[in-house]
Amino acid sequence: MDKAGAAETLTGGPRRGRVRVRGERGGAPLPLLVPALTGLAFLVLPLVALLIRAPWRSMPDLLTSSEVWQALQLSLLCATAATAVSLVIGVPLAWLLARVEFPGRGLVRALVTLPLVLPPVVGGVALLMALGRNGVVGRWLDDWFGVTLPFTTAGVVVAEAFVAMPFLVISVEGTLRAADPRYEEAATTLGASRFTAFRRVTLPLIAPGIAAGAVLAWARALGEFGATITFAGNFPGRTQTMPLAVYLALQNDPEAAIALSLVLLAVSIAVLAGLRDRWMTAS
């Protein structure tokens with residue numbers, strides 16, 4: 001008889017109904033199990049309540065109404081455009097932070113990630129001060145090119161890109177740091193330029209990280225509220241995205257607010273499912 005069998009014999013067999021902890025001999029201690037289950041219920045219960053209270057019978061009519069459809073189309077368009085902007089300028093920024101040594105790189109990285117912790121409304125105010133009609137840069141855009149960003153659809157894209165791009169930069173920078181730089185060095189020794197080595201060697205290596213960062217940035221842009229309403233306003237058909245429509249509908253049509261919330265919830269679940277193999281471990 002092995003040690004486990006002997007122990008079970010001495011203790012009267014294995015205890016039933018006791019939660020086991022992986023890697024430990026004993027069960028889960030009650031002082032940890034109770035708050036853990038409380039935390040789980042705290043996070044899951046609101047989502048379950050949303051599903052329970054959803055107007056499933058009227059859902060098709062709610063989601064196909066003109067106001068909801070406008071907000072949905074605008075949200076998808078602006079989130080995709082914001083992700084494209086983030087890819088164009090965020091991937092090179094991530095490469096700069098991961099591959100180039102320069103004074104103040106830590107400070108630059110902190111500034112890049114600042115929108116992650118910055119209150120979105122503060123980000124919207126900062127965008128107004130920078131790109132507003134009387135802003136530091138916005139006044140020159142208006143005088144020289146006649147471009148006005150606040151309270152326009154382009155302003156929605158700018159606000160969403162501001163809060164979403166750090167997710168892409170962090171993901172791509174981490175992938176670049178994990179990638180072996182000797183492949184790039186070998187390409188340059190064979191005569192390829194740095195840009196050619198980046199385009200032909202580095203990009204294929206970090207493609208999974210770019211895809212993961214783009215998905216995160218797109219989901220974050222789709223759910224952006226504070227910076228958007230502060231910088232772009234809430235004009236139906238022009239700047240009213242899905243989160244803004246949820247906020248407005250909650251005051252006048254709660255069922256429409258629940259329907260839009262379910263769409264955003266479904267998008268969030270899809271993002272988690274898409275990133276499962278990258279950031280989640282199998283049970």
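Keep in mind that what you see is a predicted model, and the values were worked out from it rather than measured.
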Could you grab the distance from atom [atom1] of [X] to atom [atom2] of [Y], nearest 0.5 Å is fine?
X: Leu149; Y: Asp142; atom1: CG; atom2: CG; answer: 9.5 Å
X: Leu72; Y: Leu260; atom1: CG; atom2: CG; answer: 7.5 Å
X: Leu131; Y: Met129; atom1: CG; atom2: CE; answer: 10.5 Å
X: Leu176; Y: Ile210; atom1: CG; atom2: CD1; answer: 7.5 Å
X: Arg139; Y: Asn134; atom1: CZ; atom2: CG; answer: 6.5 Å
X: Leu265; Y: Leu51; atom1: CG; atom2: CG; answer: 6.0 Å

So, [X] side chain and [Y] main chain: donor-acceptor pair closer than 3.5 Å or not?
X: Thr228; Y: Ala159; answer: no
X: Glu224; Y: Gly226; answer: yes
X: Thr189; Y: Ala186; answer: yes
X: Arg133; Y: Gly138; answer: no
X: Ser75; Y: Ala71; answer: yes
X: Thr239; Y: Thr152; answer: no
X: Ser58; Y: Asp61; answer: no

Looking at [X], I want to see if its [atom1] is surrounded by more than 12 non-hydrogen atoms of other residues, nucleotides or ligands under 6.0 Å.
X: Arg200; atom1: CZ; value: no
X: Tyr247; atom1: OH; value: no
X: Phe102; atom1: CZ; value: yes
X: Tyr183; atom1: OH; value: no
X: Arg53; atom1: CZ; value: no

Joint hydrophobic cluster, [X] plus [Y], side-chain heavy atoms closer than 4.5 Å:
X: Phe145; Y: Val158; value: yes
X: Leu128; Y: Trp140; value: yes
X: Val163; Y: Val117; value: no
X: Phe167; Y: Met165; value: no
X: Leu250; Y: Phe225; value: no

Under 3.5 Å, is there a donor on one side chain and an acceptor on the other for Trp95 and Thr202?
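Not at all, the side chains of Trp95 and Thr202 share no donor-acceptor pair under 3.5 Å.
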
If you measure only the distance, is there a donor-acceptor pair under 3.5 Å linking the side chains of Thr83 and Ser86?
no

Do [X] and [Y] touch side chain to side chain, with heavy atoms closer than 4.5 Å?
X: Phe231; Y: Val156; value: no
X: Leu37; Y: Leu33; value: yes
X: Thr175; Y: Pro208; value: no
X: Met242; Y: Val263; value: yes
X: Leu203; Y: Ile206; value: yes
X: Trp56; Y: Leu262; value: yes
X: Thr153; Y: Phe235; value: no
X: Ile170; Y: Leu116; value: yes

Do you know which two heavy atoms are closest between [X] and [Y], and how far apart they sit?
X: Ala41; Y: Pro46; value: O-CD, 4.2 Å
X: Leu76; Y: Thr80; value: O-OG1, 2.7 Å
X: Leu168; Y: Gly213; value: CD1-C, 3.5 Å
X: Ile229; Y: Leu244; value: CB-CD2, 3.7 Å
X: Pro115; Y: Leu111; value: CD-O, 3.6 Å
X: Ala256; Y: Ala249; value: CB-CB, 4.2 Å

Taking it one step at a time, do Ile89 and Leu93 satisfy side-chain contact (heavy atoms from CB on, under 4.5 Å)?
CA-CA 6 Å; Ile89 61 180; Leu93 177 57; over 6 Å; no

Start with the C-alpha gap between Phe198 and Val91, add the side-chain angles, then the distance that decides, and say whether side-chain contact (heavy atoms from CB on, under 4.5 Å) holds.
CA-CA 11 Å; Phe198 173 78; Val91 173; 3.9 Å; yes

Testing Arg109, Arg99, Arg105 one by one against Glu173 for a salt bridge (Lys or Arg N to Asp or Glu O under 4.0 Å), which residue passes?
Arg109

Could you tell me whether Glu160 and Arg220 have a side-chain N and a carboxylate O separated by less than 4.0 Å?
no

